[in-house]
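Just so we're on the same page: letters track the sequence lines, and every chain starts at 1.
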Amino acid sequence: MASSGRYIMGQVMKRGIGRDNTLKVRCLQMKLDTYLNKYFNERKNIWAKEDEVKCNVGDIVLLQEMSELKMPRITHDIKEVVFPLGMVVDPITGRRCRGTEYIDESIRKLEAEKIATEKSL
Amino acid sequence: MPFMKGRAAIRRTLQYLERGSLVLNDSVQIMTVNYNSGHKASRGTYDFIFWYLGQVQFKNPSVQILTFKNMTPSPYISFYLDNGEKILVDADSRDKDEIYQHIKTVLGKSEEDLQKEALAREKKANPANFGHGYSRWCICEIPGQIPCPGWVPLPKEMRGKYNLQKKDVEV
């Protein structure tokens, strides 16, 4: 998909019904309230097409505007999943984290094995 | 007359917003600020958002600025450029001014570029301009200037026919 347009980031809200690989992404842009002189988030709903990069509902994704409209209302392509839901990776250390704490991979592995053995019993 | 409402209400004045000096490069399209609440190392990033985010957005209206709270243990700021590149600025335990200066040196437009742009804007907006694309085509339309020679003949001292070709002209 030839995409050389603007990038925008947002959270995936839902999947399109009928067309499987279309997603509704909610992007926030700050808009200046001219009376209060304060910036408020303005929601922008964008329908994006999911091609090479697969994502789930709830992920925070990076979209890129398509150079030409191939389908009605679908204006963007999904370029990258920045924060997959439940699998957030801290970009500075590269470790998985849950909120403000890192996930201890070794303990997690032990737990997973324990659950697997319990299940098989 | 009561004080303006809100914490540090000066942030909500037009003069404060216009005073922002961080103008990001044209290649920057998204700016993401990740920080944590009640986290000492995030204090600088929190202050950066509190004081400078409004100014940055004001000076860069086309950049999408997002803030994420409590997503990762360490605070950072990331920039997405138009060529697909991603730039990470680690903001762990950094002061707000440190972060501001760092971003300015790495991704901010230099003083010269800003001055050039300001000059270009002035040239466009100058009401004294005439010519193609402006409200007046020719200098003869401007009051106080010599009238159009198509309507009123120029005095003979200003005509090339008299001056250079030494021909006889009327008036």
Side-chain angles (χ1 to χ4, degrees), chain A residues 2-11 25-44 46 53 58-65 67 76-104, chain B residues 4-18 27-32 34-39 41-42 49 53-92:
Chain A
S3 305
S4 51
R6 258 199 105 73
Y7 284 100
I8 205 168
M9 208 149 105
Q11 187 166 33
V25 181
R26 179 196 288 164
C27 303
L28 301 173
Q29 277 182 323
M30 294 218 272
K31 193 155 187 232
L32 183 68
D33 183 313
T34 44
Y35 181 70
L36 296 174
N37 277 334
K38 188 173 173 170
Y39 278 99
F40 290 100
N41 279 325
E42 187 187 43
R43 291 173 171 185
K44 217 176 175 183
I46 291 174
V53 181
D59 294 346
I60 294 175
V61 293
L62 179 72
L63 307 173
Q64 190 176 26
E65 199 165 356
S67 39
H76 287 69
D77 248 333
I78 293 186
K79 267 287 140 144
E80 184 198 332
V81 181
V82 183
F83 295 126
L85 193 70
M87 277 239 332
V88 177
V89 172
D90 180 16
I92 294 182
T93 53
R95 293 168 66 181
R96 276 167 60 183
C97 54
R98 183 185 293 127
T100 50
E101 279 167 20
Y102 290 112
I103 290 176
D104 200 334
Chain B
M4 203 170 161
K5 283 199 177 161
R7 296 170 67 200
I10 191 168
R11 299 175 295 152
R12 293 196 288 113
T13 53
L14 219 55
Q15 293 98 309
Y16 182 85
L17 291 173
E18 282 167 358
S27 58
V28 177
Q29 295 196 347
I30 305 175
M31 175 172 156
T32 303
N34 275 263
Y35 70 107
N36 303 324
S37 49
H39 187 216
S42 285
I49 292 174
L53 212 67
Q55 286 182 330
V56 173
Q57 180 77 96
F58 191 80
K59 288 286 171 176
N60 305 277
S62 56
V63 173
Q64 183 193 18
I65 300 182
L66 295 166
T67 52
F68 292 109
K69 270 179 92 170
N70 301 322
M71 292 215 83
T72 64
S74 52
Y76 64 92
I77 299 174
S78 68
F79 297 89
Y80 292 83
L81 306 183
D82 56 5
N83 54 6
E85 226 184 290
K86 179 176 168 179
I87 294 181
L88 261 182
V89 174
D90 186 9
D92 198 315

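- Highest contact tally toward chain A, considering only B:Arg12, B:Met4, B:His39, is held by B:Arg12 [criterion: heavy-atom pairs under 4.5 Å].
- Contact annotation for A:Tyr102: both backbone and side-chain heavy atoms come within less than 4.5 Å of a heavy atom of chain B.
- Across all non-hydrogen atoms, the minimal contact from B:Leu66 to A:Met9 is CD1-CB, 3.6 Å.
- In this structure, the portion of A:Leu32 lying under 4.5 Å from any heavy atom of chain B is its side chain and not its backbone.
- Between atom CG of residue A:Asn41 and atom CD1 of residue B:Ile65 there is a gap of 10.5 Å, rounded to the nearest 0.5 Å.
- Taking 4.5 Å as the limit, every side-chain heavy atom of B:Thr72 sits out of range of all side-chain heavy atoms of A:Val89.
- Taken to the nearest 0.5 Å, the CG atom of B:Leu17 stands 12.0 Å off from the NZ atom of A:Lys38.
- Note: B:Gln57 leads B:Gln57, B:Lys86, B:Arg11 in heavy-atom pairs under 4.5 Å with chain A.
- Between B:Pro73 and A:Glu101 there is no side-chain heavy-atom pair separated by less than 4.5 Å.
- At a 4.5 Å heavy-atom cutoff, the contact between B:Asn34 and chain A is made by side-chain atoms alone.
- Interface remark: B:Leu88 contributes side-chain atoms only to the contact with chain A (heavy atom separation under 4.5 Å).
- Contact residues of residues 92-99 of chain A toward chain B are A:Ile92, A:Cys97, A:Gly99 (heavy-atom distance under 4.5 Å).
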Inset, instruction - Could you go through the side-chain contact (heavy atoms from CB on, under 4.5 Å) check for A:Val82 and B:Phe68 one step at a time? - result: CA-CA 12 Å; A:Val82 183; B:Phe68 292 109; over 6 Å; no
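- A 6.0 Å sphere centred on CD of B:Glu18 holds more than 12 heavy atoms belonging to other residues, nucleotides or ligands.
- In this model, a donor atom of one side chain and an acceptor atom of the other lie less than 3.5 Å apart for B:Ser74 and A:Asp90.
- Of the listed residues B:Ala9, B:Ser42, B:Ser62, the one with more heavy-atom pairs under 4.5 angstrom with chain A than any other is B:Ser62.
- With contacts defined as side-chain heavy-atom distances shorter than 4.5 Å, the pair B:Leu53/A:Met30 qualifies.
- Contacts of A:Phe83 with chain B are made by side-chain atoms alone, with heavy-atom separations under 4.5 Å and no backbone atom involved.
- Of the atoms belonging to B:Asp82, it is backbone heavy atoms, and not side-chain ones, that fall under 4.5 Å from chain A.
- The most heavy-atom pairs under 4.5 Å with chain B, out of A:Leu36, A:Ile60, A:Thr100, come from A:Thr100.
- The shortest side-chain heavy-atom distance between B:Val28 and A:Tyr7 does not fall under the 4.5 Å cut-off.
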